[in-house]
Amino acid sequence: MRVIVWLDEGTWPACVDAARAHAPAASEVVLLHVSGPGVAGLAHGAFAGLLGRAGSEPDPEGRLVELGGASAAELLDAAEARLGRACTRLERAGRVEREVVAAAEGADLLILARDGDRSRLGPHSLGKAVRFAVDHAPCPVLLVWPEGAPDLTTMPPPPPHHH
């Protein structure tokens with residue numbers, strides 16, 4: 001059994017704990033971290049468009065990519081230690097939701113955590129990236145709450161009944 005565990009900065013401990021609880025001992029566990037195109041690309045664009053005219057300062061993109069890589073390595077180190085067993089580490093870069101779905105190709109299970117409003121039950125508990133991964137994953141998905149699930153009283157009321 002091949003289990004992909006999507007590690008996101010805010011929710012990774014719950015995903016690792018789910019892998020510990022649900023991935024059989026003989027499973028191949030893959031800890032996945034995806035770096036989006038975000039900050040480094042924005043910094044480069046700002047530098048090239050506004051600050052690049054001066055020519056005296058170095059482009060910040062390389063340094064931000066380096067810092068992001070160090071942060072991802074630290075997250076993977078912490079996740080591997082929390083998992084407490086042999087695993088594979090996989091780092092990808094690109095559109096996060098698409099990279100997660102691509103990484104899940106050939107897997108038997110994808111574990112991920114809710115990334116939206118976690119204060120109440122309902123459809124808003126899934127952000128865009130997790131919703132995309134849930135909708136398009138090529139394998140079964142285990143969706144976990146990063147903290148304990150909210151009380152059932154937080155569930156939205158049903159829509160009105162029309163005759």
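Residues: numbered from 1 along the sequence shown. Hydrogens, waters and symmetry mates are skipped; everything else that's a heavy atom, side chains included, is used.
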Go through the steps for L109 and L142 under the test side chain to side chain contact (heavy atoms under 4.5 Å, CB included), then give the verdict. CA-CA 7 Å; L109 181 65; L142 174 57; 4.1 Å; yes

What's the verdict on side chain to side chain contact (heavy atoms under 4.5 Å, CB included) for E99 and V96, showing C-alpha distance, side-chain angles and the deciding distance? CA-CA 5 Å; E99 292 299 325; V96 176; 5.9 Å; no

Between L143 and L112, does the side chain to side chain contact (heavy atoms under 4.5 Å, CB included) criterion hold? Intermediate values first, please. CA-CA 5 Å; L143 179 63; L112 46 77; 3.1 Å; yes

The test is side chain to side chain contact (heavy atoms under 4.5 Å, CB included); show your working for L76 and L90 and say whether it passes. CA-CA 9 Å; L76 285 162; L90 178 60; over 6 Å; no

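Between the D115 side chain and the L126 main chain, no donor and acceptor come within less than 3.5 Å of each other. T154 places a side-chain N or O within donor-acceptor distance of the main-chain N or O of L121, the cut-off being under 3.5 Å.
Atom SG in C15 sits 10.0 Å away from atom CG in L31 (nearest 0.5 Å). Here the straight-line distance linking atom OG1 of T11 with atom CD of E147 works out to 9.0 Å at 0.5 Å rounding. For the atom pair E28 CD and R2 CZ, the distance stands at 5.0 Å (nearest 0.5 Å). For the atom pair I4 CD1 and C139 SG, the distance stands at 7.5 Å (nearest 0.5 Å). Taken to the nearest 0.5 Å, the CD atom of E9 stands 5.5 Å off from the CG atom of L75. Separation of atoms CZ (R92) and CZ (R98) is listed at 13.0 Å; rounding is to 0.5 Å.
Ionic pairing of D17 and R82 is present here: one or more N-O contacts between side-chain nitrogen and carboxylate oxygen are shorter than 4.0 angstrom. Look at K128 and E97 and you find no salt bridge, because none of the NZ, NE, NH1 or NH2 atoms lies under 4.0 Å from a carboxylate O. Salt-bridge formation is detected for the pair R89/D77: a Lys NZ or Arg NE/NH1/NH2 atom is positioned less than 4.0 Å from an Asp or Glu carboxylate oxygen.
Within the 4.5 Å cutoff, no side-chain heavy atoms of V30 are placed close to those of V3. Residues S27 and R85 form a side-chain contact, since some pair of their non-hydrogen atoms from C-beta on lies under 4.5 Å apart. Proximity of V29 to L83: side-chain heavy atoms (C-beta onward) are separated by under 4.5 Å at one or more points. For the pair I111/W6, no side-chain contact is recorded, criterion being any heavy-atom separation below 4.5 Å from C-beta on. By the 4.5 Å heavy-atom criterion applied to side chains, R118 and P146 are counted as neighbours.
In the hydrophobic cluster analysis, where Ile, Leu, Val, Met, Phe, Trp and Tyr join through side-chain heavy atoms closer than 4.5 angstrom, V130 is grouped apart from V144. Residues W145 and L110 fall into different hydrophobic clusters, defined by Ile, Leu, Val, Met, Phe, Trp and Tyr side chains chained together at heavy-atom separations under 4.5 Å.
Residues R114 and S125 bring a donor and an acceptor atom of their side chains to less than 3.5 Å of each other.
Closest heavy-atom contact between A19 and V5: CB-CG2, 3.7 Å. Smallest separation of non-hydrogen atoms from V34 and G94: CG1-O, 4.2 Å.
Around NE2 of H124, the count of heavy atoms belonging to other residues, nucleotides or ligands within 6.0 Å does not exceed 12. With a 6.0 Å radius and a threshold of 12 heavy atoms from other residues, nucleotides or ligands, E105 has its CD atom at or below the threshold.
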